[in-house]
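Excluded from the calculations below are hydrogen atoms, water molecules and symmetry mates; all remaining heavy atoms, backbone and side chain alike, are included.
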Amino acid sequence: MRYSRAFIPTLRETPSEAQAISHQLMLRAGLIRPLAAGVYSFLPLGWRVMQKVMRVIREEMDAIGGQEFHFPALNPVEIWQQTGRVDTMGDVLFHIKNREGLLLAPTHEEVVAFHARQHIKSYKDLPQIWYQIQPKFRNEPRPRFGVLRGRQFTMKDSYSLDATWEGLDISYEKHAHAYRRIFQRCGLRFFVVGASSGAMGGSLSQEFMVESPAGEDTCAVCSQCDYAANAEVARSAVDPTPRMPDSQPLERFPTPGVRSIDDLVHRFALPEERCAKALLYIADGRPVMVLLRGNDELNEVKLQAVLGAISLRPASPEELRNYTGASAGSIGPVDLPTPMLIVADERLRDANELVSGANSDGYHYRHIDLQRDCRIDLYADVRTVQMGEPCPECKAPLRIVRAIEVGHIFKLGTKYSEALGAMFLDEHGRECPIIMGSYGIGVERIIAAFIEQNHDERGICWIPTIAPFHVHLVALALERDEAVRQTADTLYEQLGQAGIEVLYDDRNESAGVKFNDADLLGLPLQLIVGPRTVGSGLVEVKERRSDRRHYVAPEQVVETVQRLLAQLSEAGCEIAS
RNA sequence: CGGGGCGUAGCGCAGCCUGGCAUAGCGCGCCUGGUUUGGGACCAGGAGGUCGUGGGUUCAAAUCCCACCGCCCCGACCA
């Protein structure tokens, strides 16, 4: 491609709306342009990257026996009602206004189950892996960070259909393997975490995460072993609260003005680990008290999972007063005026000699014994893991990092097949629901995550696998130096014939402009042809990432470029693994 | 949805507080001509704007007021 004919609108300045580095660079390098909030056009350069990434995905999906489909984005509302997701997904679903009964699909479990119901009749038809790469529509309340969270985005979604749970395990493992290869080949440094299945339902799910400050997920990652988990499910080996040999008699004492555990600790010289913080939540309309140690933080996702609640929110100040008779800071598990479920964090299991609110403003109890003085309905891990806490596997300190979710794999089970009646006959002639898994990759997120991890102050640093072109041919002063023009034209021709994708900067621009654009676009190799080098019978090959430069005769360029691209491709895999 | 901010040329911004000085400026980019050319050149000339939209106040509105729309940020939410 000749740059002079190409539509590559680079920006010298960073657009003010862009916060994340990847967003800034995708705009500046002319990969994308915004069209509306959370909606982006891919320009030719960006679309080339998309296609390269999709090619990798197709190759790996095909390698595990996946068959590519193309499902419509327009879906009948009916099938979504049958699985209940019109309600559970709520506002996230885009509904069509001027045509009753259609919506824009945010994912395709329903459609897959629908077609499976039509044609999968026997265990002999199974297993199947169906996939597609297609736009998805989600009415995100707040799109963010460019293509990292958009209202329309491209997803590779695949669905496994199996006759047995063992079969599901195999399909799931195949996907885990394919995903590892995909992200590796795309040059991502990633880790895999156990995750919450959320409203998708199902038994097991794992997320493929790329560590980045632009990430919207928080993960606990072990600094030594390979333990990693989404904060929604992460554990740590923190000390439990030891039970004292004797429980002193329960004692109510005045604590005027105390609003927090810190107040208690400082004004009454109490050890933090003996303070029990009580929180009041409303789960599906009913009050639940949560007891945590000291300044431990509640993890609402964990609590919701433990309770199996559809909705969960903190109680309002009025509710707090109505249910406990006190305001925040003075509530506790002892002497609750309203009977309610009490959930205590595992860390407080059977503890005694605790201090907690007395459900009366300005008063607390001390010497609380959870076995003697109140009824704990449930002990569960509901706390948020903090930076530096010991790993549950190896006790090394955990790091808490932000991460971008680039892939998510779910063992769904029979939720969707049962709802839509996708049944088959097993070898005993029994009718059984198809066992499903679903597996997603955010294609744009791969690109954004890659840029987050592979850039410097000058621009992007692509690897050959997903670079929009392989080589940036920079010809300097070609308008007035015929030797340069001829050398560059010839090299462009030869490289093209060798199957190497070249972006040929044949513009009549100054050297500085060309170099800066080349570094911004970040193609893996730059081939610099200028009067200086051509005069001495050489051309310069520059590796973008390392800035390493090689000077070779024009006849050796094709071979040199091929060798360096191969090296860089391998290096890309090493970076990733 | 709650809180905050912004909307002036393709991009980045100033002007608004305290209305008139105004034919709405500046830098970058763009067009023409010339000089330049190994890290974002220089000179000269030029094009480009319903100041987000609608309403109101006023002799007079980019500027003050109201409503709406759009965008960004923090939070809530996020299969």
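- Counting atom types as modelled, A:Arg12 pairs no side-chain N or O with a base atom of B:C11 as donor and acceptor under 3.5 Å.
- Nucleic acid contact for A:Asp517: base, since at least one base atom lies under 4.0 Å from a heavy atom of the residue.
- Using a 4.0 Å cut-off between charged side-chain N and carboxylate O, A:Glu140 and A:Arg151 make no salt bridge.
- Considering only side-chain atoms of A:Arg480, the nucleotide from B:G38, B:G12, B:U37 that sits closest is B:U37.
- Under the 4.5 Å side-chain criterion, counting only non-hydrogen atoms from C-beta, A:Lys302 is in contact with A:Asp381.
- Nucleic acid contact for A:Ala18: none, since no nucleic acid atom lies under 4.0 Å from a heavy atom of the residue.
- We find the CD-NE2 distance between A:Glu17 and A:His23 to be 5.5 Å, quoted to the nearest 0.5 Å.
- For A:His23 and B:C71, the NE2 to C1' distance is 11 Å, given to the nearest whole Å.
- Counting non-hydrogen atoms under 4.0 angstrom, A:Arg149 reaches a base of the nucleic acid.
- The side chain of A:Thr533 lies closest to B:G38 when the candidates are B:C74, B:U37, B:G38.
- The residue among A:Pro106 and A:Asn508 whose nearest nucleotide of RNA chain B is located toward the 5' end is A:Asn508.
- The side-chain hydrogen bond (donor to acceptor under 3.5 Å, both in side chains) test applied to A:Asp87 returns no partner, not counting sequence neighbours.
- If you check every strand for non-hydrogen atoms under 4.0 Å, A:Lys542 touches a base.
- The gap from the C1' atom of B:C26 to that of B:C69 amounts to 29 Å, rounded to the nearest Å.
- Base engagement by A:Arg28 is indicated by at least one non-hydrogen atom pair under 4.0 Å involving a base atom.
- Ranking B:C73, B:G12, B:G39 by closeness to the A:Gln19 side chain, first place goes to B:C73.
- A:Glu13 comes within contact range of at least one nucleobase, with a heavy-atom separation under 4.0 Å.
- In this structure, A:Glu300 places its CD atom 14 Å from P of B:G75, rounding to the nearest Å.
- Remark: the A:Arg33 side chain and the B:G10 base include no donor-acceptor N/O pair separated by less than 3.5 Å.
- A:Gln152 places its CD atom 23 Å from the P atom of B:C78, with the value rounded to the nearest Å.
- Counting to the nearest Å, the C1' atom of B:C1 and the CG atom of A:Asn139 are 12 Å from each other.
- For the P atoms, the distance from B:G40 to B:C72 is 34 Å, rounded to whole Å.
- One atom, CD of A:Gln24, and another, P of B:C11, lie 17 Å apart when rounded to the nearest Å.
- Taking atom C1' in both B:C51 and B:G25, one finds a spacing of 12 Å when rounded to whole Å.
- A donor and an acceptor atom, one from each side chain of A:Gln24 and A:Ser22, are nowhere located under 3.5 Å apart.
- Between B:C11 and B:C16, the distance separating the two P atoms is 23 Å to the nearest Å.
- Classification of A:Arg2 and A:Asp489 as a salt-bridged pair holds, one side-chain N sitting under 4.0 Å from a carboxylate O.
- Heavy atoms of A:Glu540 sit under 4.0 angstrom from at least one base atom.
- With rounding to whole Å, A:Leu43 atom CG is found 14 Å from B:G10 atom C1'.
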